[in-house]
Amino acid sequence: MATLIELDQLYKTTISKLPAESRLSYCIKHLDKIQSVLTKNAGALDSQQKGQLREIIEATQEEIGTLSRK
C-alpha cells in the first residue's frame, strides 16, 4: 500500500514538514473531502478513478492513525 506522502504532492512538499497537530488536521479535512467526492460522484467515476480515491482514503486513514498515536 502506498503512503500519503507518496500519493499527495502537497502533503509531501509542505504539510509533512508541519507539526503533528497540523498534519492531523489536514488529514482529517482531506479525508472528509475525498470521501465526499467519492460518494457524490460514484456514478460518474470509472473504476480506475474510484480505485485511486480509495487508495488515497486508505493512505490518509493510515496517516491519521500514525499521527494519533504520537
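Fair warning: this is a prediction, and the values are worked out from it, not measured in the lab.
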Name each donor-acceptor pair under 3.5 Å that joins a side chain in residues 47-57 to protein atoms two or more places apart or in another chain, with its distance.
| from | atom 1 | to | atom 2 | distance (Å) |
| --- | --- | --- | --- | --- |
| Q49 | OE1 | D46 | N | 2.9 |
| K50 | NZ | A42 | O | 3.0 |

task: Under the ring pair (Phe, Tyr, Trp, His ring centres under 6.0 Å) rule, collect the residues that match up with Y26, sequence neighbours excluded.
output: Y11, H30

task: With the side chain counted from C-beta on, respond yes when I64 and L67 share a heavy-atom pair under 4.5 Å apart, and no when they do not.
output: no

Pair listing, ring-ring contact (aromatic ring centres under 6.0 Å, His included) test, anchored in residues 42-70, at least two apart: none

query: Would the number of heavy atoms belonging to other residues, nucleotides or ligands and lying under 6.0 Å from NZ of K17 be above 12?
result: yes

query: Got a sec, which pairs hit ring-ring contact (aromatic ring centres under 6.0 Å, His included) with one end in residues 48-70, sequence neighbours left out?
result: none

- request: Sorted by first residue and then second, give each ring-ring contact (aromatic ring centres under 6.0 Å, His included) pair with at least one member in residues 38-63; sequence neighbours left out.
  value: none

message: Any side-chain to backbone donor/acceptor pair from D8 onto L4? Under 3.5 Å, distance only.
response: no

field: Non-neighbouring partners of E62 that pass side chain to side chain contact (heavy atoms under 4.5 Å, CB included), sequence neighbours left out
entry: M1, T66, R69

message: On a heavy-atom basis, which atom in A2 and which in A59 lie closest, and how many Å separate them?
response: O-CB, 3.5 Å

field: Donor-acceptor contact present, side-chain T39 to main-chain Q35, <3.5 Å
entry: yes

message: Just verifying a value: how many Å separate K12 NZ and L7 CG, rounded to the nearest 0.5 Å?
response: 11.0 Å

